[in-house]
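The first residue in the sequence is number 1, and the count goes up from there. Not measured: the values here are computed from a predicted model.
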Amino acid sequence: WSNAAPASGQTEFTKSVDIPGEVASAGMVVALGDLHQIFVNDQLIADQGNFDPYFTSRAEHYDLSSVLQPGENIIKVVARDSSGPTGMQLDGCAWLKDGGSVVFVSDTGFLSRASDQTAAGGETARILPGPSHGYMGDPALLMLQPRPHPLPLAGWLVNQAPPPAPFDALVFAADTVQPPAQWFRFKLPPGATEMTLPTRGAVQAWVNGTPAQTAQVEGGWRVHLAEQDAPARTAAVRVEVSAGSTAGAAFDTPITFAMGEGMIPVGSWDELGLPHYSGGLVYKADLSLDKALPYALLDLGHVRGTAEVKVNGKACGVRLWHPYQFDLSQALQTGNNTIEIRVFNTLGPHFAEGHPSQHVYKNHTKSGIFGPIALRMTTPTEFKLEAE
């Protein structure tokens, strides 16, 4: 940003970009926390906020293919600082017809000056020591071409193919000091039989405090998960890492699980080993009856999501909201009965953890059957209305 707030309230940022050939295509992303105009070679590219009553800071993409030209190009951003310190992020790239490219970003190559100054030039723009405002928009937009990323194989974040050797071995490292082993603890999904840890360092693992069997496989380590019938299991993982592979970067890609049937208590899935799962779960229970019941009502209590009930394969209804009650009278039989409850949640958990979004609020990650679950067996009472 600028070194001092101008009296006019507007700051002008300029940068010269030299293009050594004909442009095949070009793009630029700008994130700025206030009202601003963007000019390229004196051509107005954007007028953000002046005509948008709902304007908030966000990242916007601009196609510059038709405005950049061989030789010197002047990028100018006129920004208004209306409510305290703000900042600008700019990321651009021009791809040339000869196969080359020119990258330009928000750095000290920008000059800043008050927009009411008549003299040309200005002083070097100030690089902020940290974020000034939170920018709305998809952060992936700021990557116009592959750039170094703190996660080793981060292409899965933006659907990019793994880089070819030797670039697939590169990691982002602030220094070369050998870091200590990294520890991770997390609840295991109900019914998980194995998990694969995509890490390059040696692994030790425990399940509920008991050492787990591990085996090195291509791309990482496979861990056998015992006690599959336990209603709650916690994994502890120790990973020997190298420089640049600490914290979440210890894993090249997400941890994956092989799933089977398991035990799950009532409660929210995000607290039972499924913190970012969006989809469906099937609850099963067996019920033995000595005789047929004239009337049976299954009450699931509190549920977050939709619920569908089947008894012995026969559909007994779907409920989208309270009360989650189902008449099982026509489906239950003498002897053994299998009750299946299929629950689907929303995308809230996925967008809260698996693909973080600021639009997920309190309790949006809660889903599942909370109960209390009751099967009420009564004799139905019939009322008849007779006219006098």
Going through the distances and angles, do L188 and L225 end up as a side-chain contact (heavy atoms from CB on, under 4.5 Å)? CA-CA 9 Å; L188 291 171; L225 304 176; 3.9 Å; yes
Go through T199 and D252 one step at a time and tell me if the side-chain contact (heavy atoms from CB on, under 4.5 Å) criterion holds. CA-CA 6 Å; T199 182; D252 292 338; over 6 Å; no
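In this structure, M377 is a member of the same hydrophobic cluster as L328, with clusters built from ILVMFWY side-chain heavy atoms closer than 4.5 Å. Following chains of ILVMFWY side-chain contacts shorter than 4.5 Å, one can reach F104 starting from V67, so the two form part of one hydrophobic cluster. When the side chains of ILVMFWY residues are joined at heavy-atom separations under 4.5 Å, either directly or via intervening members, M259 and M195 end up in a single hydrophobic cluster.
A salt bridge links K97 to E22: at least one charged side-chain nitrogen sits closer than 4.0 Å to a carboxylate oxygen. Taking a cutoff of 4.0 Å between a charged side-chain nitrogen and a carboxylate oxygen, R113 and E12 qualify as a salt bridge. Between E261 and K284, at least one side-chain nitrogen of the basic residue sits less than 4.0 Å from a carboxylate oxygen of the acidic one, meeting the salt-bridge criterion.
At least one donor-acceptor pair closer than 3.5 Å links the side chain of H364 to the backbone N or O of Y361. With hydrogens and angles disregarded, a donor-acceptor distance shorter than 3.5 Å links the side chain of R233 to the backbone of P189. Formation of a donor-acceptor pair under 3.5 Å by the S65 side chain with backbone atoms of A26 is found in this model.
From T365, atom OG1 reaches atom CG of N345 across 10.0 Å, with rounding to the nearest 0.5 Å.
By the 30° and 60° cut-offs, the orientation of the rings of F13 relative to F110 is perpendicular.
Q69 is listed as a side-chain neighbour of N41, based on a closest heavy-atom distance under 4.5 Å.
For M263, the CE atom sits in a loose shell: 12 or fewer heavy atoms of surrounding residues, nucleotides or ligands are nearer than 6.0 Å. Environment of CG in D98: crowded, with over 12 heavy atoms of neighbouring residues, nucleotides or ligands closer than 6.0 Å.
R319 forms a cation-pi arrangement with F326, by the criterion of a distance under 6.0 Å to the ring centre and an angle within 45° of the ring axis.
The two residues Y324 and L320 have their closest heavy-atom pair at OH-O, 3.4 Å.
Taking E72 as the reference, S16 meet the side-chain hydrogen bond (donor to acceptor under 3.5 Å, both in side chains) condition, with sequence neighbours excluded.
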For residues 179-187, dump all side-chain donor-acceptor pairs below 3.5 Å to protein atoms at least two apart in sequence or in another chain.
residue, atom, partner, partner atom, Å
Q182, OE1, A247, N, 2.9
Q182, NE2, P180, O, 3.0
K187, NZ, E271, O, 3.1

